K.L.:
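One structure follows; several queries about it will come next.
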Amino acid sequence: MSVHCGNKFVCHNVFRSLFMATTKPNLQRRKLSTLIMEQVKHTTLATETTSMNAIASDTIAMKIARCKQMSEYNQRLKAHASKFRKRDQSQLNAVAIIEEMKEKGFQPTSQNYLQLLMGISLQRHRTHKQNQRMELWFEELLRLELLKRNPWPKLKKAVMAMSLKGHPNMKAMFLKLDSLHTVQDSACWNAAIMGCVRDRQLQDAEELLTLAQERNLASSESYQILIDVYLFLQDQPSASRIFSLMIQHNVAADFPIFESFISYYMSLPTNDDTFRTLDRLWQAVLLTSTHNIPDDMIFKLLSYYGLHGELSRGEQVYLDVKSRHQKLDRRCLGQLNKIIIGFCNKRQLPSALSLMYDLVGQGYNPSSRVLCKIINACKDMDDREAAQQLITTIQQVDPGAKLAQQCFDALDAQD
């Protein structure tokens with residue numbers, strides 16, 4: 001029994017030693033395998049991260065390089081565009097840069113084409129090829145800008161630029177823009193009309209005016225553009241026709257339009273018909289205006305009537321302005337003084353005295369030179385009393401009035 005148990009204990013120890021001997025190495029091998037796998041995994045991740053960082057750095061560096069190159073292209077195009085109006089070679093250089101950009105995978109921007117367009121818009125007397133170039137750049141700008149959410153600011157800027165010197169196809173380009181992006185801006189329609197006018201495409205300009213009127217986008221300025229050019233070309237019937245259309249369309253004429261007609265008739269040989277037409281235009285100004293009449297218009301009329309001896313008409317201009325409670329500026333007052341002197345020279349003493357009294361009553365400072373002229377005229381007409389009364393009235397109205405000694409000398413010289 002004891003021998004059996006002893007043998008059993010020995011067997012147990014043997015099996016135990018065998019089990020431990022076989023189990024421990026297996027655990028160590030598993031730990032080693034896991035450790036190796038983790039190390040390989042970390043090494044792989046580190047390699048991949050390094051590789052990705054290197055790729056990202058290369059991408060960033062490439063983008064920076066392309067941005068820098070694009071900036072250089074922009075600067076070169078802008079520099080050439082600033083010289084377009086002086087040299088055709090600058091335009092050819094710009095075309096070459098655009099082609100180079102495309103070949104190297106750079107897409108010219110709408111801003112590039114806008115700069116080129118603004119540069120060539122300043123050039124006078126463009127050749128047919130240069131006009132084609134301008135039209136191509138506008139189409140490229142239109143194509144690129146219409147892809148954006150708000151294309152209008154740059155497109156309007158382009159139209160305004162093209163109107164500066166005009167273009168033979170201005171109407172076609174503008175209507176193409178309008179068909180793709182409806183133009184509701186009156187100023188832009190006026191610019192398109194002006195662009196046609198400046199290239200002497202007057203029929204195109206009138207067609208654009210008609211379209212603008214149909215959309216209720218025609219202003220008095222729209223009609224004035226054509227009126228001015230027809231008057232410049234001495235084509236008064238066409239100017240009057242456009243003015244009649246303006247009245248038919250219930251567009252109120254403003255001062256610049258009347259001033260254009262007044263300046264035109266002043267340039268014609270003087271005769272009764274011219275004077276009567278100017279009278280009618282002046283009455284139209286008085287009837288249609290609710291604001292102060294521009295000083296330039298008053299000055300022109302006073303100067304014209306004074307120069308051509310139509311003194312009563314000049315006096316009437318002053319009286320009309322006075323009835324509107326409008327003051328004359330210094331230049332206009334100077335011209336009115338010349339009219340008073342004109343009355344003195346023609347021995348029309350009542351008219352000269354009437355105007356002078358009116359001016360003093362309105363608070364204008366009397367001119368010593370004009371007073372001397374009136375006093376001398378009174379002397380020539382043997383009317384010392386009228387001269388004395390004028391001096392006395394001025395001193396009563398304005399005790400502080402500084403009358404030149406020459407006025408008193410002229411008065412005393414009558415004795």
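Values below: every heavy atom of this structure, side chains too, minus hydrogens, waters and symmetry copies. Everything numeric here is computed off the predicted structure, so don't read it as measured data.
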K.L.:
If you compare all heavy atoms of Ala212 against all heavy atoms of Trp189, which two are closest, and at what distance to 0.1 Å?
P.N.:
CB-CE3, 3.8 Å
K.L.:
Got Trp152 and Asp185 here, is their nearest side-chain heavy-atom distance under 4.5 Å?
P.N.:
yes
K.L.:
If you round to the nearest 0.5 Å, how far is CG of Leu281 from CD1 of Ile257?
P.N.:
12.0 Å
K.L.:
More than 12 foreign heavy atoms under 6.0 Å from CD of Glu206: is that the case here?
P.N.:
yes
K.L.:
Side chains of Arg313 and Leu278, heavy atoms from C-beta outward: is any pair under 4.5 Å?
P.N.:
no
K.L.:
Using a cut-off of 6.0 Å, state whether more than 12 heavy atoms not belonging to Lys373 lie near its atom NZ.
P.N.:
no
K.L.:
Residues in side chain to side chain donor-acceptor pair (under 3.5 Å) with Gln130, at least two apart?
P.N.:
Asp88, Gln123, Thr127
K.L.:
Output yes when a side-chain donor or acceptor of Ser354 lies under 3.5 Å from a complementary backbone atom of Pro350, and no otherwise.
P.N.:
no
K.L.:
Where is the tightest heavy-atom contact between Ala386 and Leu353, given as atom of each residue plus distance?
P.N.:
CB-CD1, 4.1 Å
K.L.:
Give a yes or no on whether the backbone of Ile120 and the side-chain of Arg126 come within a donor-acceptor separation of less than 3.5 Å.
P.N.:
yes
K.L.:
Would you list the pairs meeting salt bridge (charged side-chain N to carboxylate O under 4.0 Å, His left out) in which at least one residue belongs to residues 134-146, sequence neighbours left out?
P.N.:
Glu139-Lys176, Glu140-Arg143, Glu145-Lys148
K.L.:
List for me each residue that meets side chain to side chain donor-acceptor pair (under 3.5 Å) alongside Tyr113, sequence neighbours excluded, and say none if there are none.
P.N.:
none
K.L.:
Give, for atom CG of Asp279 and atom OH of Tyr305, the distance between the pair rounded to the nearest 0.5 Å.
P.N.:
4.5 Å
K.L.:
Compute whether any side-chain donor of one residue and acceptor of the other, for Thr392 and Gln396, lie under 3.5 angstrom apart.
P.N.:
no
K.L.:
Apply side chain to side chain contact (heavy atoms under 4.5 Å, CB included) to Met194 and list each qualifying residue two or more places apart in sequence or on a separate chain.
P.N.:
Arg198, Ile225
K.L.:
Regarding Gln111 and Lys154, do their side chains bring together a donor and an acceptor under 3.5 Å, going by distance alone?
P.N.:
yes
K.L.:
Does anything in residues 71-105 form a ring pair (Phe, Tyr, Trp, His ring centres under 6.0 Å)? List the pairs, not counting sequence neighbours.
P.N.:
Tyr73-Phe106, Phe84-Trp137
K.L.:
Among pairs that include at least one residue of residues 355-375, which meet ring pair (Phe, Tyr, Trp, His ring centres under 6.0 Å), considering only residues two or more places apart or in two chains?
P.N.:
none
K.L.:
Are side-chain heavy atoms of Asp199 and Asn169 found at a separation under 4.5 Å?
P.N.:
no
K.L.:
Does the side chain of Phe275 reach to within under 4.5 Å of the side chain of His308, using non-hydrogen atoms?
P.N.:
yes
K.L.:
Using the side chain to side chain contact (heavy atoms under 4.5 Å, CB included) criterion, which residues pair with Asn250? Sequence neighbours excluded.
P.N.:
none
K.L.:
Quick check against the 3.5 Å criterion: does Gln326 have a side-chain atom that pairs as donor or acceptor with the backbone of Ile293?
P.N.:
yes
K.L.:
Applying side chain to side chain contact (heavy atoms under 4.5 Å, CB included), run through Phe174 and Phe138 and close with a yes or a no.
P.N.:
CA-CA 10 Å; Phe174 181 76; Phe138 174 75; over 6 Å; no
K.L.:
Could I get the full list of salt bridge (Lys or Arg N to Asp or Glu O under 4.0 Å) partners for Arg124, not counting sequence neighbours?
P.N.:
none
K.L.:
What are the two closest heavy atoms between Met246 and Ala252, and how far apart are they?
P.N.:
CE-O, 3.3 Å
K.L.:
Quick check for you: to the nearest 0.5 Å, what is the distance between Asp235 atom CG and Ser240 atom OG?
P.N.:
9.0 Å
K.L.:
Would you confirm whether Arg347, through its side chain, and Cys344, through its main-chain N or O, come within 3.5 Å as a donor-acceptor pair?
P.N.:
yes
K.L.:
Could you state the interatomic distance from OG (Ser238) to CD (Gln236), rounded to the nearest 0.5 Å?
P.N.:
9.0 Å
K.L.:
Taking all non-hydrogen atoms of both residues into account, name the closest pair between Ala192 and Met170 and its distance.
P.N.:
O-CG, 3.6 Å
K.L.:
Can you confirm whether the side chains of Asn337 and Ser367 place a donor and an acceptor under 3.5 Å from each other?
P.N.:
no
K.L.:
Start with the C-alpha gap between His181 and Leu142, add the side-chain angles, then the distance that decides, and say whether side chain to side chain contact (heavy atoms under 4.5 Å, CB included) holds.
P.N.:
CA-CA 10 Å; His181 187 89; Leu142 187 60; 6.0 Å; no
K.L.:
Is the backbone N or O of Gln362 less than 3.5 Å from a side-chain atom of Lys327, with the two atoms forming a donor-acceptor pair by type?
P.N.:
yes
K.L.:
Mind listing the closest non-hydrogen atom pair of Ser222 and Leu209 along with its distance?
P.N.:
CB-CD1, 3.7 Å
K.L.:
Taking the side chain as everything from C-beta on, heavy atoms only, tell me whether Lys379 gets closer than 4.5 Å to Ile375.
P.N.:
no
K.L.:
Are the side chain of Arg369 and the backbone of Ile341 linked by a donor-acceptor contact shorter than 3.5 Å?
P.N.:
no
K.L.:
Heavy atoms, side chains only, cut-off 4.5 Å: are Asp178 and Leu211 in contact?
P.N.:
no
K.L.:
Could you pull out all residues at least two apart from Ser303 that satisfy side chain to side chain donor-acceptor pair (under 3.5 Å)?
P.N.:
Gln335
K.L.:
Run through Ile247, Ile242, Ile193, Asn190 and flag the one making a side chain to side chain contact (heavy atoms under 4.5 Å, CB included) with Tyr223.
P.N.:
Ile242
K.L.:
Could you check Gln248 against Leu245 for side chain to side chain contact (heavy atoms under 4.5 Å, CB included), going step by step and ending with a plain yes or no?
P.N.:
CA-CA 5 Å; Gln248 291 173 18; Leu245 288 175; 3.9 Å; yes
K.L.:
Any donor-acceptor pair under 3.5 Å linking the side-chain atoms of Thr277 with those of Arg280?
P.N.:
yes
K.L.:
Does a side-chain heavy-atom distance below 4.5 Å link Val370 with Cys372?
P.N.:
no
K.L.:
Consider only side-chain N and O atoms of Gln316 and Asp320, and report whether a donor and an acceptor are under 3.5 Å apart.
P.N.:
yes
K.L.:
Within the side chain of His167, is there an N or O that forms a donor-acceptor pair under 3.5 Å with the backbone of Gly195?
P.N.:
no
K.L.:
Residues two or more places apart in sequence or in another chain: which of them pass side chain to side chain donor-acceptor pair (under 3.5 Å) with Thr288?
P.N.:
none
K.L.:
Please enumerate all residues that pass salt bridge (Lys or Arg N to Asp or Glu O under 4.0 Å) together with Asp358, with sequence neighbours excluded.
P.N.:
Lys322
K.L.:
Does any donor atom in the side chain of Asn112 or Thr109 lie under 3.5 Å from an acceptor atom in the other side chain?
P.N.:
yes
K.L.:
Does Glu315 have any salt bridge (Lys or Arg N to Asp or Glu O under 4.0 Å) partners at least two apart in sequence or in another chain, and if so, which?
P.N.:
none
K.L.:
Are any non-hydrogen side-chain atoms of Arg241 and Leu226 less than 4.5 angstrom apart?
P.N.:
no
K.L.:
Is it the case that Asn271 and Thr274 place a side-chain donor and acceptor less than 3.5 Å from each other?
P.N.:
yes
K.L.:
Check Arg276 with Asp273, please: is the shortest side-chain N to carboxylate O separation under 4.0 Å?
P.N.:
yes
K.L.:
So does Asp295 pair up with Arg331, basic N to acidic O under 4.0 Å?
P.N.:
no
K.L.:
From Phe243 CZ over to Ile227 CD1, what is the distance, rounded to the nearest 0.5 angstrom?
P.N.:
6.5 Å
K.L.:
Quick check: closest heavy atoms across Leu311 and Gly342, and the distance to 0.1 Å?
P.N.:
CD1-C, 3.4 Å
